[in-house]
Q: 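Before we start, here is the structure in question, set down as structure tokens.
The figures here come from the full heavy-atom set of this structure, side chains too, leaving out hydrogens, waters and symmetry mates. The model shown is predicted, which means the values in this text are computed figures rather than measured ones.
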Amino acid sequence: MRPGRLAEVLGEPPAPEGTWEREAVYLSAAALRRRIAPGDLAAEVRALAGVVAVEVGGNGFLRITVDTPGDLLDDPHEPVDFPGPWQDLPCTWDNPGFVVRYAHARAAAVLRWARELDVPRDGFTPCALSDPHDRAVLRLLAELPSRRAGRDPGWAAYLPRLALAYHDAHERAPAVPRGEEEPGPVHTARVRLAEVVRVVLPGPERI
């Protein structure tokens with residue numbers, strides 16, 4: 001289920017809910033804002049491929065569960081146009097600028113390593129991104145459409161959160177093979193994840 005297609009049906013981007021460690025859930029108040037029956041809109045959403053369940057809350061919100069959160073990487077992603085305090089120095093984890101820019105550089109490094117190690121770029125399998133660290137990055141990337149649509153996207157707080165999640169994934173869910181390991185679908189999927197992170201986060205190609 002591509003969030004872009006879900007947003008087309010809802011009339012606006014939904015917002016992710018929870019951690020996504022076990023299930024990928026979006027919330028939407030589209031029925032209230034469009035002044036239509038929540039049940040009717042829920043029925044339209046249920047008909048979409050990749051939607052596991054749609055619950056209508058007492059407040060009219062729709063709680064939408066999708067089966068493959070990695071599908072969101074198939075939607076187009078653009079750089080976040082926010083200057084922010086993204087300075088390299090000091091090079092410490094207390095400096096959000098360093099955290100963000102270093103994450104961009106790490107994602108760029110993954111793309112270089114993937115080329116050197118012949119990790120296939122084709123054959124992206126979204127369901128391969130099942131590790132909790134991968135899903136944590138996906139959960140934060142899922143916020144982008146609703147943040148862009150909002151009046152106060154809060155980039156200064158959001159981008160460091162995304163960067164920290166990517167640092168964890170980079171270290172604990174490697175995107176390229178190690179040792180004698182052969183490239184597989186999970187590596188192709190994690191390279192795709194790195195591509196999107198590199199686009200979203202500002203920073204240099206190397207630090």
Side-chain angles (χ1 to χ4, degrees), residues 1-7 13-27 49-53 64-80 93 99-147 157-179 181-203:
M1 161 51 57
R2 291 177 57 183
R5 175 60 182 141
L6 184 57
E17 180 194 44
T19 66
W20 282 26
E21 184 173 352
R22 296 184 181 278
E23 62 177 3
V25 175
Y26 291 94
L27 283 183
V51 171
V52 175
I64 305 160
T65 304
V66 300
D67 61 359
T68 309
D71 283 340
L72 67 84
L73 298 183
D74 280 331
D75 280 345
H77 291 81
E78 301 175 358
V80 173
W93 295 107
V99 170
V100 169
R101 288 165 60 82
Y102 185 31
H104 175 103
R106 278 184 144 180
V110 163
L111 304 186
R112 294 193 298 271
W113 299 336
R115 288 192 294 269
E116 294 170 2
L117 296 172
D118 295 324
V119 176
R121 300 292 289 275
D122 297 327
F124 169 55
T125 306
C127 63
L129 295 170
S130 59
D131 185 278
H133 297 96
D134 296 325
R135 291 177 71 106
V137 179
L138 291 171
R139 163 62 179 78
L140 286 164
L141 288 173
E143 292 185 21
L144 276 171
S146 57
R147 283 184 176 275
Y158 168 73
L159 294 184
R161 287 172 54 221
L162 173 60
L164 285 171
Y166 183 69
H167 285 302
D168 284 343
H170 181 84
E171 294 172 5
R172 301 177 185 179
V176 294
R178 291 181 172 179
E181 185 181 12
E182 291 293 326
V186 69
H187 301 112
T188 297
R190 287 173 178 166
V191 169
R192 174 69 67 87
L193 185 65
E195 287 179 321
V196 173
V197 169
R198 177 183 169 276
V199 168
V200 173
L201 295 179

Q: Show your working on side chain to side chain contact (heavy atoms under 4.5 Å, CB included) between Arg147 and Leu144 and close with a plain yes or no.
A: CA-CA 5 Å; Arg147 283 184 176 275; Leu144 276 171; 5.6 Å; no
Q: Looking at every heavy atom in both Ala163 and Val100, which two are closest together, and how far apart are they?
A: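 The pair with the smallest heavy-atom distance is CB-CA, 3.8 Å.
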Q: Could you report the tightest heavy-atom contact between Ser146 and Pro13, atom names first, then the distance?
A: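 Answer, listing the atom of Ser146 first, then Pro13: N-CB, 3.8 Å.
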Q: So, does His167 use its side chain to make a donor-acceptor pair with the main chain of Val99 at under 3.5 Å?
A: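 The answer is yes, because a donor-acceptor pair under 3.5 Å joins these two groups.
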Q: Donor-acceptor pair, Tyr158 side chain versus Leu140 backbone, under 3.5 Å?
A: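 It does hold such a pair.
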Q: So, taking the atom named NE2 in His133 and the one named CD in Glu21, what distance separates them when rounded to the nearest 0.5 Å?
A: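 Answer rounded to 0.5 Å: 9.0 Å.
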Q: Rounded to the nearest 0.5 Å, how far apart are CZ of Arg172 and CG of Asp134?
A: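 That separation rounds to 12.5 Å.
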Q: Evaluate side chain to side chain contact (heavy atoms under 4.5 Å, CB included) for Trp113 paired with Val119, printing each intermediate quantity in order.
A: CA-CA 8 Å; Trp113 299 336; Val119 176; over 6 Å; no
Q: With side chain to side chain contact (heavy atoms under 4.5 Å, CB included) as the criterion, how do Leu129 and Leu73 come out once you've worked through the C-alpha distance, each side chain's angles and the decisive distance to 0.1 Å?
A: CA-CA 11 Å; Leu129 295 170; Leu73 298 183; 3.6 Å; yes
Q: About how many Å separate CD of Glu17 and CD1 of Ile64, when rounded to the nearest 0.5 Å?
A: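 Here the interatomic distance stands at 11.0 Å.
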Q: In Å, rounded to the nearest 0.5 Å, how long is the span from CZ of Phe124 to CG of Asp74?
A: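 Separation between the atoms: 5.5 Å.
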Q: Would you say that Arg190 contacts Pro174 through its side chain, given a criterion of any heavy-atom pair below 4.5 Å between the two side chains?
A: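 Result yes, sub-4.5 Å side-chain heavy-atom pair found.
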Q: Return the minimal non-hydrogen interatomic distance between Thr188 and Pro120, and the atom names on each side.
A: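 Nearest pair, atom of Thr188 first, then Pro120: OG1-O, 2.8 Å.
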Q: How long is the span from the CG atom in Leu72 to the CG atom in Leu6, to the nearest 0.5 Å?
A: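 Reported value, rounded in 0.5 Å steps: 11.5 Å.
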Q: So Asp71 and Val66, side chain to side chain contact (heavy atoms under 4.5 Å, CB included) or not? Walk me through it.
A: CA-CA 9 Å; Asp71 283 340; Val66 300; over 6 Å; no
Q: Please check if the side chain of His187 supplies one atom and the backbone of Gly184 the other of a donor-acceptor pair under 3.5 Å.
A: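 Yes; judged by distance alone, with no hydrogens or angles, the pair exists.
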Q: Given side chains that start at C-beta, do those of Leu162 and Val137 come closer than 4.5 Å, heavy atoms only?
A: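 Leu162 reaches Val137 side chain to side chain.
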Q: I want to check something: taking the side chain as every heavy atom from C-beta on, are Pro16 and Leu138 in contact at a cut-off of under 4.5 Å?
A: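 A side-chain contact is absent here, since even the closest heavy-atom pair is not under 4.5 Å.
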Q: State the CG-OH distance between Leu201 and Tyr102, to the nearest 0.5 angstrom.
A: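 Result: 14.0 Å between the selected atoms.
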Q: Salt bridge between Glu195 and Arg198, side-chain N to carboxylate O under 4.0 Å?
A: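 A salt bridge is absent here (no side-chain N lies under 4.0 Å from a carboxylate O).
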Q: For Arg178 and Glu171, work out which heavy atoms get closest and say how close.
A: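 What the structure gives for the nearest pair is NH2-O, 3.7 Å.
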Q: What's the shortest heavy-atom distance between Ala194 and Tyr166, and which atoms?
A: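 For Ala194 versus Tyr166, the nearest heavy atoms are CB-OH, 3.4 Å.
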Q: Taking side chain as C-beta onward, heavy atoms only, is Leu193 less than 4.5 Å from Val110?
A: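 No, too far: nothing below the 4.5 Å cut-off.
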Q: Shortest non-hydrogen contact from Leu164 to Trp93?
A: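 Answer, listing the atom of Leu164 first, then Trp93: CD2-CE3, 4.3 Å.
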Q: Are Arg5 and Asp75 ion-paired here, with the side-chain N under 4.0 Å from a carboxylate O?
A: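 Looking at Arg5 and Asp75, the cut-off is not met.
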